[in-house]
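Report on the structure given below.
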Amino acid sequence: MDQSELIREIKDLKVARNAVIMAHYYQEPEIQDIADFVGDSLALAQKADGTPADIIVLAGVNFMAETAKILNPAKKTLLPDPEAGCSLADSCPASQFEAFVKAHPGYTVITYVNTTAAVKGLSDIACTSSNAVQIVESLPKDEKIIFGPDRNLGNYIKSLTHRDMLVWDGACHVHEEFSLEKILELKKTHPEAKLLAHPECPKPILIVADHIGSTAALLRFSKTDTAAEYIVATESGILHQMQKSSPDKRFIPAPPKDSTCACNDCRYMKLVTLQKIYDCLRNESNEVLLDEELRLKAEKPIRRMLEISSKLGLV
Ligand code: 13P
Ligand code: SF4
């Protein structure tokens, strides 16, 4: 099947199965373009919550599909490639995190949604990069906090909120690989370009960034800001929506340390293809299944996050 046939078939299957395709901004452009909804991790969780569809196809990675399933236990949630994991989630094994939490009684545990259901089950509140600062600030000032798993996001939040926070030492392979040196080199040939950085980037990059935010926040900024050029330090998939929204602006992917690798592509996000979406929809395969006891434990911190976000009007 060629691409246009595949797209037609996916659209027909979506109607026949009453399915919805939700895609993260880091997906390939052709996947973002066939999705019913494209968003960041927070928006995907909000959109998945109570969807009227019978089947959710999560064009993203495992923790996103798990989150959709946790919020919709009666619905079929399909992950087009079951190998689509997350290096950040992998950097926080549940058994080690449990020991860490147990060693620090009296701490409130906040975890980024980029975690397994088991780690969510050990947490009090979940957060995403769109709401992490507000979630932390919603707690009393003297509350002691464990934050995991991303050390860059955690330390960034700590620097903004000045809270008593213990930060887990995890990281994402994409954001860790950006090269400050090469970004500064690039700035020499594009002196007017603004640097947009995701808070999962290491501190030296955040220090020189003109704007820091989640993928949705960076996209919003790129639409309303008046610069003509931007260097974008997050996964390259976001450039598709930026370019679509602002066709006259130039978006340059921030260079990774190793110029021979495509390290600003998430190797897990990029496992998803149109063919795999078609196959899983047609066969209703690669369903995400969760033990009910674990699902219930993991649901609590996500519900708390959604409640706080909705109270604060965060979308
Ligand atoms: P957001 O979707 O919160 O911007 O996070 C980026 C990310 O790394 C998702 O895997
Ligand atoms: Fe995980 Fe990083 Fe890929 Fe996001 S970009 S899914 S944090 S590995």
Side-chain angles (χ1 to χ4, degrees), residues 22-28 31-32 35 37-48 58-68 79-92 110-116 119-120 126-135 147-154 156-157 168 170-178 196-202 205-206 209 211-222 232-242 253-254 256 261-272 302 305-306 309 314-315:
M22 298 188 187
H24 190 269
Y25 287 131
Y26 293 167
Q27 291 291 293
E28 295 285 9
I31 293 175
Q32 296 189 33
F37 180 74
V38 186
D40 70 349
S41 308
L42 176 61
L44 291 176
Q46 287 170 324
K47 204 75 184 170
L58 206 309
V61 295
N62 188 266
F63 74 81
M64 296 174 178
E66 268 190 358
T67 302
L79 179 63
D81 190 316
E83 298 300 314
C86 169
S87 54
L88 179 52
D90 289 348
S91 68
C92 189
I110 303 182
T111 52
Y112 203 24
V113 283
N114 304 36
T115 48
T116 58
V119 168
K120 288 185 180 74
C127 73
T128 75
S129 52
S130 268
N131 60 17
V133 171
Q134 291 88 342
I135 298 271
F147 185 91
D150 192 81
R151 60 172 172 255
N152 296 322
L153 176 66
Y156 172 64
I157 298 165
W168 184 261
C172 151
H173 74 285
V174 176
H175 294 89
E176 279 284 288
E177 278 310 306
F178 290 118
L196 308 181
H198 195 280
E200 286 173 31
C201 291
I205 292 178
L206 298 183
H211 191 73
I212 300 167
S214 66
T215 46
L218 297 181
L219 176 60
R220 264 196 311 273
F221 182 83
S222 74
V232 184
T234 190
E235 214 269 359
S236 61
I238 188 66
L239 270 73
H240 179 56
Q241 295 297 332
M242 289 177 167
C261 74
C263 300
N264 47 5
D265 280 346
C266 171
R267 58 176 170 266
Y268 305 105
M269 285 279 180
K270 275 12 189 205
L271 286 175
V272 180
I302 302 175
M305 170 185 84
L306 292 176
S309 298
L314 301 172
V315 279

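Values below: all heavy atoms of this structure, side chains included; hydrogens, waters and symmetry mates excluded. Not measured: the values here are computed from a predicted model. Start at 1 and go down the list; that is how both ligands and their atoms are numbered.
The distance from atom 1 (Fe) of ligand 2 to the nearest N/O/S atom of Cys86 is under 2.8 Å.
Side chain of Glu28 to backbone of Met269: no donor-acceptor contact under 3.5 angstrom is found. For Asp150 (side chain) and Leu153 (main-chain N/O), a donor-acceptor pair under 3.5 Å exists by modelled atom type. Judged purely by atom type and a 3.5 angstrom limit, Asp40 has no side-chain atom pairing as donor or acceptor with the backbone of Tyr25. Between the Asn152 side chain and the Glu200 main chain, a donor and an acceptor come within less than 3.5 Å of each other. No donor-acceptor pair closer than 3.5 Å links the side chain of Gln27 to the backbone N or O of Met22. A distance-only check finds a donor-acceptor pair linking the side chain of Ser91 to the backbone of Leu88 [under 3.5 Å]. Proximity of a side-chain donor or acceptor of Lys120 to a complementary backbone N or O of Tyr112 within less than 3.5 Å is not detected.
In the vicinity of Thr215, heavy-atom distances shorter than 4.0 Å reach the ligand 1 atoms 1 (P), 2 (O), 4 (O). Close approach of ligand 2 to Ser87 is summarised as follows: ligand atoms under 4.0 Å from at least one heavy atom of the residue are 8 (S). Of all the atoms in ligand 2, the ones that sit under 4.0 Å from a non-hydrogen atom of Asn114 are 7 (S). In summary, the atoms of ligand 1 found under 4.0 Å from a heavy atom of Met64, numbered by their order in the structure, are 9 (C), 10 (O). Close contacts between ligand 2 and Glu200 involve ligand atoms 7 (S) [criterion: under 4.0 Å to a heavy atom]. Proximity to His173 (heavy-atom distance under 4.0 Å) selects the following atoms of ligand 2: 8 (S). Here is the list of ligand 1 atoms found below 4.0 Å of a heavy atom in Ser214: 4 (O).
Within the structure, ligand 1 lacks Tyr25 among the residues with a heavy atom less than 4.0 angstrom away. At least one heavy atom of Tyr112 sits closer than 4.0 Å to an atom of ligand 1. Look at His198 and you'll find a heavy atom under 4.0 Å from some atom of ligand 1. Ligand 2 lies out of reach of Arg267, whose nearest heavy atom is not under 4.0 Å from it.
Looking only at side-chain heavy atoms (C-beta outward), Leu196 and Thr234 stay at 4.5 Å or farther from each other.
Among protein heavy atoms, atom 8 (O) of ligand 1 sits closest to Glu200 OE2, 3.0 Å. The closest protein non-hydrogen atom to atom 2 (Fe) of ligand 2 is Cys172 SG, 2.4 Å. Nearest non-hydrogen protein atom to atom 10 (O) of ligand 1 is Asn114 ND2, 3.4 Å. At the shortest separation from atom 3 (Fe) of ligand 2 among protein heavy atoms lies Cys266 SG, 2.4 Å. Atom 1 (P) of ligand 1 has as its closest protein heavy atom Ser129 OG, 3.3 Å.
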Next on the checklist: Between Arg267 and Glu235, does the salt bridge (charged side-chain N to carboxylate O under 4.0 Å, His left out) criterion hold? Intermediate values first, please.
Outcome noted: CA-CA 10 Å; Arg267 58 176 170 266; Glu235 214 269 359; over 6 Å; no
Checklist entry - Given Tyr268 and His173, is the ring-ring contact (aromatic ring centres under 6.0 Å, His included) satisfied, shown in steps? => result CA-CA 10 Å; Tyr268 305 105; His173 74 285; 5.6 Å; yes
Next on the checklist: Quick one, Ser214 with Ser129, criterion side chain to side chain donor-acceptor pair (under 3.5 Å). Give me CA distance, side-chain angles, the key distance, then yes/no.
Outcome noted: CA-CA 5 Å; Ser214 66; Ser129 52; 4.5 Å; no
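Of the listed options Phe63, Tyr268, Tyr26, Tyr26 places a heavy atom closest to atom 6 (C) of ligand 1.
Residues His198 and Leu218 share a closest heavy-atom pair of N-CD1, 4.0 Å.
At a 3.5 angstrom cut-off on N or O pairs, Ser130 does not count as close to ligand 1.
At a heavy-atom cutoff of 4.0 Å, ligand 1 is contacted by the side chain of His24 but not by its backbone.
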